[in-house]
There are 2 protein chains.
Amino acid sequence: MKVVKFGGSSLASGEQIRKVFDIVMADSERKIVVVSAPGKRYADDIKVTDLLIQCAEAFLEDKASKELEVELVLQRYQIITDELSLTSDIVNQIKRNLLAALNRDQTDRAQYIEAVKACGEDGLAQLVAAYFSFRGAKAHYVNPREAGLIVTSEPGNAQVLPESFAHLNRLKERPGIIIFPGFFGYSQSGEVFTFSRSGSDITGSILANAIQADLYENFTDVDAVYSVNPNFVEEPKEIKELTYREMRELSYAGFTVFHDEALIPAFRAGIPVQVKNTNNPQAPGTRIVSTRENANGPVVGIASDNGFCSLYMSKYLMNREVGFGRKVLNILEDLKITYEHVPSGIDDMSVVLRQDQLNPEVEQEILTRLKQELAVDEVKIEYDLALLMVVGEGMRRNVGTTARASKALADAEVNIEMINQGSSEVSMMFGVKVIEEKRAVKALYEEFFVRSEYITLR
Amino acid sequence: MKVVKFGGSSLASGEQIRKVFDIVMADSERKIVVVSAPGKRYADDIKVTDLLIQCAEAFLEDKASKELEVELVLQRYQIITDELSLTSDIVNQIKRNLLAALNRDQTDRAQYIEAVKACGEDGLAQLVAAYFSFRGAKAHYVNPREAGLIVTSEPGNAQVLPESFAHLNRLKERPGIIIFPGFFGYSQSGEVFTFSRSGSDITGSILANAIQADLYENFTDVDAVYSVNPNFVEEPKEIKELTYREMRELSYAGFTVFHDEALIPAFRAGIPVQVKNTNNPQAPGTRIVSTRENANGPVVGIASDNGFCSLYMSKYLMNREVGFGRKVLNILEDLKITYEHVPSGIDDMSVVLRQDQLNPEVEQEILTRLKQELAVDEVKIEYDLALLMVVGEGMRRNVGTTARASKALADAEVNIEMINQGSSEVSMMFGVKVIEEKRAVKALYEEFFVRSEYITLR
């Protein structure tokens, strides 16, 4: 039994929904279909979820444009309905639900927006179910409340409650295909609350766990997870298989195929995840598993992210001072600043953090407190660093990986500002200046994915 | 004006003291001579300081052997006196002083031992002054109390008090050569307190600062500071010049020529330090300075130390948890455990610390607290790590240093357990298993000192 999730771009038009139908029907194991809201049809298009937020805000502020905003949303569904040759019944039903959400009590603004936002997925699930029935499939829409998907009352960051899994497990026993809207659940008092970003991925992952699925298929618009950012390297290699840990390390540094935390429920139940392309379902895609054979060398992917800075401080005899590092972290915690890494020398330490947490005021406070409370000799902040992650389960056992990576960077004349290796067994981190990020990523890719293949072929 | 300090092996016999005389007289700038207690004459010999500690303990416990212990100490001075053809007056004087110390009040045991220990340097300074006079030099012994070397009342860890420098500055005006005992000063109430290890180095460094010496010469029994541990590499290269920062980083990881903190007073006054060999004063030795020209490649020395362990912990979503790292350091601080480095991944962190701080009980407490208070998913301790330091001021500006170091280690089949680079600008740290320490150090030495020269010569 499989749970299949389709992303917004896989559901943006009638043509796309036809592909979805074909994919689901091609495998009788595909039991639960999780749908997103209609996504972008072209680069400048607006996602339905964003239209709905605009709509909610227009109603909250009682703007003159509010009726027009409703029309914009409904038009998207109308176009799809027309493309699929469905009757207007489904659009009328979506309209009734949307107006009910828009006309509800506005006292709790956050709660109001939540209820409106959820209409995107909910409406499309109803539409998809209608289309599946129209095509003669035995399929029906299931509402998360009716199914028992109970979540915490955190707007935009709802967490699934444990009792949900037993409720959702019973979906297995329903006949036919279940079309389930992603992105939201209901609080114990029956109010809508949405998950964080990649919310439909979370719904799919929860359902896969609940029914103990054999596979969680995640359909998107790329053939596979790439081994490196396609903006940096042309036609990068696809990753056939990677582990949850590798996925998580890659996600941390900018891999955006999907948000790794969405996988937690599937991960906890040990359910493999298959990333596939709605527009090319024959492509094998990428499989995310608990453990894998290390067949293709030590490195599975290279990721990078920027917007980091390094807070450097030095003090003679720092390493003799008990509690120094702890006090530095305390000061940052007071200022609600989170950090990523803490490389240290004998008389100096650096704290690497995301620089969007700083502004001139906060920066001044950090510098002042470090000087006053810890009497540092020197303190400075270096901005615009990028962190590169070289990820692979095979790395720990491979003696030469560090040498290959650092030689590749040296040959590309990239100065390594920082190395963090030794805690994670599946990744190695290099810090470089942002202006060298792309060159550094390319050099590492060449080393581990191009040159190594060349050596193999000879 | 120069301050010249001689270590214990440079003063272990009459023959050695003749060398000291020749060295001091060869340069009229050599104004203050700081002497240690007589050191070892051969590998199994016992240092006078250790004989004095035995002696003090025998008196404290009123052992039958106590008179014999006194004889053992005085014999050492008698032999030197005979070798130098001095009269027995000086030994009688040393005996009177030693017995006065041994017969003093024993209420404060630590204070009692301090007073007895200091007799080693004090007696030898008197003996050396007598010999210099005997040879016709204008030289005299100066007692630290009379000179105004005032220290804190911390047995074995006395710290110089600021007023000392003005007192000691007046030594400049005294005629002739001053023979000054190293290792101890006097508290404000007039009691003897000794410095920590390398105590005579500290005395020399304080005096160099106080008289604003042009140079602080430190005579020992090696021609120079070596670029690597001579137990690991045969005939290693000598370092001609290194900076204070380089010296400190090398000292941290096992360089034992002298204890870097002994240099602080000279360092603060910007006084260069020259390490020289009493047995080969023609050899240029090693100069330690504030800044140096980077003439010989990025690396000046390679050091290593072992006895480290790594406390590893992992927890899913650790990097989202504000304060996690700080709480770990708090727990260690509660248990009075100091740490060296904290490499971290996304969901894991390691704390590298000296393993002699742990025992099964403490280890159990750490593991229990990390599990209970921080709910870590996994925690384990890996013992027997060595830390390797590759040190050099030129490193930061040199793109390929990391690559060369890690490739050298890979070629020697050394697995790098950990890299810490990015905070210190003058060092790079690698963690390896202790069993691979020697092989790793040799590989790095070959890379930076042997192979690079070969390339230059071609």
Side-chain angles (χ1 to χ4, degrees), chain A residues 245 248-249 252 261 264 267 310 312 314 316-317 319-320 322-323 325-326 329-330 332-333 336 338-350 352 396-397 399-411 413-429 431, chain B residues 245 248-249 252 261 264 310 312 314 316-317 319-320 322-323 325-326 329-330 332-333 336 338-350 352 396-411 413-429 431:
Chain A
R245 290 210 299 180
R248 179 151 165 71
E249 303 264 349
Y252 166 75
E261 289 177 32
I264 300 175
F267 163 64
S310 169
Y312 168 89
S314 71
Y316 200 68
L317 302 184
N319 81 325
R320 293 292 172 90
V322 175
R326 195 262 309 152
L329 299 186
N330 251 342
L332 295 177
E333 205 174 324
K336 308 233 183 309
T338 59
Y339 67 91
E340 309 293 315
H341 303 285
V342 190
S344 62
I346 299 171
D347 292 339
D348 39 38
M349 72 182 266
S350 298
V352 178
R396 185 68 162 193
R397 292 178 303 277
V399 164
T401 314
T402 310
R404 287 176 64 186
S406 51
K407 182 164 189 316
L409 293 174
D411 289 347
E413 298 196 350
V414 172
N415 209 343
I416 302 172
E417 301 289 318
M418 187 171 48
I419 303 179
N420 193 330
Q421 189 212 315
S423 197
S424 168
E425 296 188 347
V426 300
S427 73
M428 188 185 302
M429 196 210 75
Chain B
R245 291 209 300 178
R248 178 149 167 73
E249 303 265 349
Y252 166 75
E261 288 176 33
I264 298 175
S310 169
Y312 168 89
S314 71
Y316 200 68
L317 302 184
N319 81 326
R320 292 292 171 90
V322 175
R326 194 262 309 153
L329 299 185
N330 251 342
L332 294 177
E333 205 174 324
K336 308 232 184 309
T338 60
Y339 66 91
E340 309 293 315
H341 304 285
V342 189
S344 62
I346 301 171
D347 292 338
D348 39 38
M349 72 181 269
S350 298
V352 178
R396 186 67 160 193
R397 293 179 302 276
N398 198 294
V399 164
T401 314
T402 310
R404 287 176 63 186
S406 50
K407 183 166 187 316
L409 293 175
D411 290 348
E413 299 197 350
V414 172
N415 210 342
I416 302 171
E417 301 289 318
M418 185 171 51
I419 301 179
N420 193 330
Q421 188 211 315
S423 199
S424 168
E425 296 187 349
V426 300
S427 74
M428 189 185 302
M429 196 210 77

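To find a chain, count down the sequence lines: A is the first, B the second, and so on, and within it residues start at 1.
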> Below 4.5 Å, heavy-atom pairs only: which of Thr401(A), Asn330(A), Val426(A) has the largest tally toward chain B?
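Most heavy-atom pairs within the cutoff with chain B belong to Asn330(A).
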
> Can you tell me how far CG of Asn420(B) sits from CD1 of Ile419(A), rounded to the nearest 0.5 angstrom?
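Separation between the atoms: 9.5 Å.
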
> In Å and rounded to the nearest 0.5 Å, what is the CE to CD1 distance from Met429(B) to Ile346(A)?
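So the CE of Met429(B) and the CD1 of Ile346(A) are separated by 10.5 Å.
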
> Please identify, among Val342(B), Ile264(B), Leu409(B), the residue contributing the most non-hydrogen atom pairs under 4.5 Å to chain A.
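Winner by heavy-atom pair count: Ile264(B).
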
> Working to the nearest 0.5 Å, report the span between OG of Ser406(B) and CZ of Arg404(A).
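Ser406(B) atom OG to Arg404(A) atom CZ measures 12.0 Å (nearest 0.5 Å).
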
> Show the nearest heavy-atom pair for residues His341(B) and Gly345(A), with the distance to one decimal.
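Here His341(B) and Gly345(A) meet closest at CE1-O, 4.3 Å.
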
> Can you tell me how far apart OG (Ser427(A)) and CG (Asp347(B)) are? Round to the nearest 0.5 Å.
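One gets 10.0 Å once the value is rounded to the nearest 0.5 Å.
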
> Taking the cut-offs as 6.0 angstrom to the six-membered ring centre and 45 degrees off its axis, would you call Arg248(A) and Tyr316(B) a cation-pi pair?
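Yes.
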
> Taking all heavy atoms of Leu329(A) and all of Gly325(B), pick out the closest pair and write down the distance.
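Taking Leu329(A) first and Gly325(B) second, the nearest heavy atoms are CD1-C, 4.0 Å.
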
> For Thr402(A), which atoms come within 4.5 Å of any heavy atom of chain B: side chain, backbone, both, or neither?
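Both parts, backbone and side chain.
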
> Report the distance from atom CZ of Arg326(A) to atom CD of Glu333(B), rounding to the nearest 0.5 Å.
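Those atoms lie 4.0 Å apart.
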
> In the structure I gave you, are the side-chain heavy atoms of Val322(B) and Lys336(A) within less than 4.5 Å of one another anywhere?
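No - every pair of side-chain heavy atoms lies 4.5 Å or more apart.
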
> Please look at Asp411(A) and chain B and tell me whether the side chain, the backbone, both or neither of the residue comes under 4.5 angstrom of a heavy atom of that chain.
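Neither part.
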
> Return the minimal non-hydrogen interatomic distance between Gly400(A) and Ala410(B), and the atom names on each side.
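Looking at all heavy atoms of both residues, the shortest contact is CA-CB, 3.7 Å.
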
> At a heavy-atom separation under 4.5 Å, does Glu417(A) approach chain B through its side chain, its backbone, both, or neither?
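Backbone plus side chain of Glu417(A), per the 4.5 Å heavy-atom cut-off to chain B.
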
> So which part of Val414(B) gets closer than 4.5 Å to some heavy atom of chain A, the side chain, the backbone, both or neither?
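For Val414(B), the contact with chain A is made by the backbone alone.
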
> Determine the option with the most heavy-atom pairs under 4.5 angstrom with chain A, choosing from Gln421(B), Met418(B), Lys407(B).
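Of the options given, most contacts go to Gln421(B).
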
